[in-house]
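Here the structure is laid out as structure tokens; the discussion comes afterwards.
Order of listing sets the numbers, starting from 1, for every ligand and every atom in it.
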Amino acid sequence: MANLDSIVSLCKRRGFIFPGSDVYGGFAGTWDFGPLGVMLKKNIIDTWWNYWVDKRDDIYGVDADIIMNPRTWLASGHTTTFADPLIECKACHGRFRADKLAQGLNEHVTDNEFTRLHIKCPTCGQEAWGPIRMFNMMFKTHVGPVDGNESIAYLRPETAQGIFVNYRNVIDSCYPDIPFGIAQQGKAFRNEISPRDFILRDRECTQMEIEYFVHPDTWETEFEELLKETDIFLEKEMGLSVEKINHVEVPEKDRAHYSKRTIDFMFQYPNGEEELMGLAYRTDFDLRNIEHESGKSMEYRNKVTGESFVPHVIEPSIGVERLFLAVISDNWDEEKGILHLPENLAPYKFCVSPLLKNKPELVKKAEEVYKLLKNKYTFVTWDDSGNIGKRYRKQDEIGTPKCIVIDFNTLEDGTVTVRNRDTAEQIRVKPEEL
Ligand code: GAP
């Protein structure tokens with residue numbers, strides 16, 4: 001398994017991910033995607049959308065605003081319950097998430113439980129803790145030119161609520177048969193107390209979520225169905241190693257306030273097993289609360305039976321950054337310096353080079369091949385720097401599955417060398433056959 005430092009270094013060296021606001025020394029919990037990172041991230045996002053929305057008839061897309069009416073967060077419970085236990089060291093004034101300072105603690109840890117463990121401050125080594133306070137993780141902002149309490153709004157902490165507030169609009173405009181889903185991809189913001197492990201826990205992340213609306217009597221079957229589909233997505237579309245994914249049934253005391261059943265998909269990351277995504281049964285919690293807050297009915301009327309009811313919801317929710325880190329760490333061979341990305345996710349599908357850059361006849365032919373492939377596949381790169389060995393090493397590091405080299409034989413028989421990233425095998429083919 002690759003170690004996290006080598007992945008952070010690969011990501012910076014090859015333009016996948018940079019520390020946020022790097023030129024000013026960074027900004028905790030923020031990361032910027034570079035030219036190659038954007039391509040890999042986009043491939044992940046597009047593949048998810050294609051798999052869950054484009055290829056299915058029962059899931060509709062929305063793209064809601066990040067800043068929503070603050071009543072959204074009253075109804076969803078985030079204003080009161082979206083909080084982590086914060087503890088401060090009175091000696092060095094370091095602030096930490098109390099439940100992350102020792103094994104076996106959860107978000108509801110009490111002062112007594114914490115004190116009994118005689119935990120030392122990770123920064124100064126003292127045991128001088130203040131009381132545990134619940135710290136709300138929503139980022140506040142002000143909307144409009146007034147700065148008072150009445151102008152407070154929040155950056156959304158989950159994309160899910162952008163779906164729930166549009167549930168009625170989707171029904172009234174698209175008339176879906178139940179069960180049906182609404183999907184959204186977009187930014188979510190959390191003022192994490194301790195962002196950590198590279199892009200695993202960020203203050204700004206990108207979520208891909210589906211709220212799948214079902215008849216209350218069928219939630220168990222639909223839950224199992226979505227569980228199966230999610231496994232297929234992670235294994236077949238993202239190419240993740242099955243043995244690194246572990247389904248964990250979340251006990252009641254650890255579940256989010258809205259959930260009656262949650263399965264966490266844990267992944268074996270370089271720093272140990274961590275949550276990659278969750279599948280939650282949110283019951284009718286959100287739609288009922290919206291009904292209460294807005295005074296509008298959230299009932300669905302079955303077109304065939306005429307039955308009216310408030311649907312229950314199953315939610316597969318995944319963060320792009322966690323998926324990105326899973327994909328890159330699962331595929332990075334540190335010893336050989338090869339990023340074995342699945343072809344559908346690799347930023348570039350081909351790299352084209354002339355064997356020697358000082359031979360105009362090779363360069364001219366290579367440019368022709370480059371144009372041919374670029375027109376056909378778009379994601380094709382050109383490299384005539386250094387010697388051919390160096391070029392292969394660079395392309396291996398960024399996960400380009402195939403390198404095409406134009407040499408003197410090309411001028412005679414029209415064939416080019418195709419080198420396979422994973423096996424280093426080389427074959428000769430005509431470029432038109434690629
Ligand atoms: N709508 C449900 C929801 O937001 P969550 O378990 O809080 O549930 C869902 O978040 C997923 O979003 C997580 O499994 C993870 O993939 C991603 N995620 C959440 N917080 C994150 C953070 N601070 N940094 C990166 N990804 C995060």
Notebook entry, point to check: Among pairs that include at least one residue of residues 129-142, which meet side-chain hydrogen bond (donor to acceptor under 3.5 Å, both in side chains), considering only residues two or more places apart or in two chains?
Noted result: His142-Ser151
Next item on the list: Please check if the distance between the ring centroids of Phe213 and Phe180 is under 6.0 Å.
Entry: yes
Notebook entry, point to check: At a 4.0 angstrom heavy-atom cut-off, what protein residues surround ligand 1?
Noted result: Glu158, Ala160, Arg190, Glu192, Leu200, Arg201, Asp202, Cys205, Gln207, Glu209, Tyr258, Glu275, Leu276, Met277, Gly278, Arg282, Glu315, Ser317, Ile318, Gly319, Arg322
Next item on the list: Measure the acute angle between the ring planes of Phe223 and Trp219, then classify it against the limits of 30° and 60° as parallel, tilted or perpendicular.
Entry: perpendicular
Next item on the list: For Glu291, enumerate each residue passing the salt bridge (charged side-chain N to carboxylate O under 4.0 Å, His left out) test, keeping only those at least two apart in sequence or located in another chain.
Entry: Arg288
Note to self: Please report whether the ring centroid of Tyr370 lies less than 6.0 Å from that of Phe350.
What the structure shows: no
Margin query: Tell me every residue that passes salt bridge (charged side-chain N to carboxylate O under 4.0 Å, His left out) with Glu343, counting only those two or more places apart in sequence or in another chain.
Written below: Lys402
